[in-house]
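Reading through the structure tokens given below for one structure.
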Amino acid sequence: MTYDRELNTARDIIGGHATWAAIDPESVARMRLQNRFKTGLDIARYTAKIMRADMAAYDQNPANYTQSLGCWHGFIGQQKMISIKKHFGSTKGRYLYLSGWMVAALRSEFGPLPDQSMHEKTSVPALIEELYTFLRQADARELGGYFRELDAAREQGETAKEKELLQKIDNFQTHVVPIIADIDAGFGNAEATYLLAKKMIEAGACALQIENQVSDEKQCGHQDGKVTVPHEDFLAKVRACRYAFMELGVEDGVIVTRTDSLGAGLTKQIAYSQEPGDLGDQYNSFLDCDEVTPNEIGPNDVIIKREGKLMRPKRLPSNLFQFRQGTGEDRCVLDCITSLQNGADLLWIETEKPHVEQIAGMVDRIREAVPNAKLVYNNSPSFNWTLNFRQQVFDAWTEEGRNVSAYDRAALMSVEYDETDLAVEADARIQSFQADAARRAGIFHHLITLPTYHTAALSTDNLAKRYFGEEAMLGYVKNVQREEIRQGIACVKHQNMAGSDIGDDHKDYFAGEAALKAGGKENTMNQFA
């Protein structure tokens, strides 16, 4: 989509209608360039190709890992991408993550909810659509600024400047990037999963992340009480997602399968097995069972046969069955291999701590069966990163025989340790964690699920403390507005960010000299020029 091509196309169309003489072809060209993506499916097809190319680049070199932050509102996602373009000049390798946790906590009509799939299904595709609405508006805003500069260069006869601006317009990089969207455990059976997947894809999602928990017992991956389902039940939902992508013509759509088996000690049902060693039998082999004789079988017992012996799986009062202790990693590996062999593109292993070698140990086993296995990994705020990494360094130094008597392992979070060698080493490991894990543990995409939930809380707390305290108005001016101006935060011109200048341009197109525009000399936003 180049400026000249769009301009010539508009001229040809307008020229064919005698009554359209008042329609300016240059204005049409500009509006078309500001609205590159007409539908969510256009976005899904475009971003799926980006994600596939990034996956191929990672296979060639794990230094090409990708990243994202979870965003709970379109404005948050928009500001993130504007910031990335400002600081790094490119959005390459940077995505958005849509967290079901944040949808439940912040976007449900029921109010704040725990991450248990109790929020409205429609709120998930609605947030995807909202995110892309804001990203498309960011495109329109930035291009609109270029168009204004172009008009000024033409008025001043600055030919070189005009040419430079046309090149910027023709090579414009959109704020629209892939979204990895959380579909939880599918919100019901496979048909329910398919229907919701379609809505999410139609809204623009090119990647769906689905987990192997029971839909009606779904828990946050970092809480207790997780219940998994047999592989065939889960694979039916994976296939439902693929059918949704294929039906809508997003053949490159990406499916991320998440296993919660590391922290899930329960299953709702015993898998169906036709013969020893099949997938159902492998799932059942992890059940915690007692050997029984026929005389010991009660009227309500469930019995399976294992290696010629009658075994009674341990069933809880909740009617759930228990896995044997210590089988989590083995179940994770089987889950991952099975998913990749049945249509998944990427894996997600939910762990209880950020430990490169723990993740790598499982990935090494998975790659024995699927050599190019790749992960999406949750750099979760549910981890105490400071304490975890300080304890990792403490343990490593202890194993090396170094003197750690100055440190209390259980109290390493204390501020008194902040300037110590141990804390410095721990911070260095946190800083390199993503690169290290991408290289050693097969992690293609690093995300933080709910960082903007925490940043909103932290910044609001600081503002409230200062504004309602002794600083009063200075608490806002010094710590918010002054920093916005000095750091070049575009949002300091909040009217412009909300689309006022775009609206003025449209008024110009529609009404010409009769347009009543907001951006004149009396606009107080001019104080931030």
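Worth saying up front: this structure is predicted, and the values here are computed from it rather than measured.
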Taking only residues two or more places apart in sequence, or in another chain, which ones meet Tyr58 in a ring pair (Phe, Tyr, Trp, His ring centres under 6.0 Å)?
Phe444
If I compare all heavy atoms of Thr2 with all of Asp170, which pair ends up nearest, and what's the gap?
CA-OD1, 3.4 Å
Under the ring pair (Phe, Tyr, Trp, His ring centres under 6.0 Å) test, residues paired with Tyr194 that sit two or more places apart
none
Residues two or more places apart in sequence or in another chain: which of them pass salt bridge (Lys or Arg N to Asp or Glu O under 4.0 Å) with Lys163?
none
Compile the donor-acceptor pairs under 3.5 Å between side chains in residues 452-464 and protein atoms, sequence neighbours left out, one pair per line.
{"unit_1": "Thr452", "atom_1": "OG1", "unit_2": "Gly70", "atom_2": "O", "d": "2.8"}
{"unit_1": "Thr455", "atom_1": "OG1", "unit_2": "Pro451", "atom_2": "O", "d": "3.4"}
{"unit_1": "Thr455", "atom_1": "OG1", "unit_2": "Thr452", "atom_2": "O", "d": "3.2"}
{"unit_1": "Ser459", "atom_1": "OG", "unit_2": "Thr455", "atom_2": "O", "d": "2.9"}
{"unit_1": "Ser459", "atom_1": "OG", "unit_2": "Ala456", "atom_2": "O", "d": "3.3"}
{"unit_1": "Thr460", "atom_1": "OG1", "unit_2": "Ala456", "atom_2": "O", "d": "2.6"}
{"unit_1": "Asn462", "atom_1": "ND2", "unit_2": "Leu458", "atom_2": "O", "d": "3.3"}

Which atom pair, heavy atoms only, marks the closest approach of Val250 to Ala44?
CG1-O, 3.9 Å
So, does Lys237 use its side chain to make a donor-acceptor pair with the main chain of Gly186 at under 3.5 Å?
no
Around atom CD of Gln392, are there more than 12 heavy atoms of other residues, nucleotides or ligands at under 6.0 Å?
yes
Any donor-acceptor pair under 3.5 Å linking the side chain of Arg141 with the backbone of Met497?
no
For residues 198-209, please give each side-chain donor-acceptor pair under 3.5 Å, one per line with the distance, not counting sequence neighbours.
{"unit_1": "Lys198", "atom_1": "NZ", "unit_2": "Glu247", "atom_2": "OE2", "d": "2.9"}
{"unit_1": "Gln209", "atom_1": "OE1", "unit_2": "Tyr97", "atom_2": "OH", "d": "2.5"}

NZ/Lys374 to CG/Leu347 distance, rounded to the nearest 0.5 angstrom?
9.0 Å
Does Ala435 offer a backbone N or O that forms a donor-acceptor pair with the side chain of Ser432 under 3.5 Å?
no
Between the main-chain N or O of Met102 and the side-chain N or O of Ser99, is there a donor-acceptor pair closer than 3.5 Å?
yes
Checking Lys85 now: which residues fulfil salt bridge (Lys or Arg N to Asp or Glu O under 4.0 Å) with it, not counting sequence neighbours?
Glu142
Using 30° and 60° as the class limits, which term best fits the ring planes of Tyr377 and Phe383: parallel, tilted or perpendicular?
parallel
Has Phe172 got more than 12 heavy atoms of other residues, nucleotides or ligands less than 6.0 Å from its CZ?
yes
By side chain to side chain contact (heavy atoms under 4.5 Å, CB included), Ile430 pairs with (sequence neighbours left out) Trp385, Phe389, Asp427
Mind checking what makes ring pair (Phe, Tyr, Trp, His ring centres under 6.0 Å) contact with Phe510, not counting sequence neighbours?
His506
Would you list the pairs meeting side-chain hydrogen bond (donor to acceptor under 3.5 Å, both in side chains) in which at least one residue belongs to residues 63-73, sequence neighbours left out?
Thr66-His445, Gln67-Gln434, Ser68-His445
I'd like to know if the side chain of Arg30 and the backbone of Gly144 have a donor-acceptor N/O pair within less than 3.5 Å.
no
Can you confirm whether Glu416 is buried at CD, in the sense that more than 12 heavy atoms of other residues, nucleotides or ligands lie under 6.0 Å from that atom?
yes
Within 45° cone of Phe88 ring axis and under 6.0 Å: Arg94 NZ or CZ:
yes
Partner residues of Arg466 under the salt bridge (Lys or Arg N to Asp or Glu O under 4.0 Å) criterion, sequence neighbours left out
none
Can you list, pair by pair, the side-chain donor-acceptor contacts under 3.5 Å of residues 471-491, counting residues two or more places apart and other chains?
{"unit_1": "Asn479", "atom_1": "ND2", "unit_2": "Gly475", "atom_2": "O", "d": "3.3"}
{"unit_1": "Glu483", "atom_1": "OE1", "unit_2": "Gln487", "atom_2": "NE2", "d": "2.9"}

Does Asp139 have any salt bridge (Lys or Arg N to Asp or Glu O under 4.0 Å) partners at least two apart in sequence or in another chain, and if so, which?
none
Would you say Met362 and Ile349 make side-chain contact, with heavy atoms under 4.5 Å?
yes
Do other residues, nucleotides or ligands put more than 12 heavy atoms under 6.0 Å from Met118 CE?
yes
Cation-aromatic face contact Arg36/Tyr46, 6.0 Å, 45 degrees
yes
Is it the case that the side chain of Gln34 and the backbone of Ala140 share a donor-acceptor pair, with hydrogens and angles ignored and the cut-off at 3.5 Å?
yes
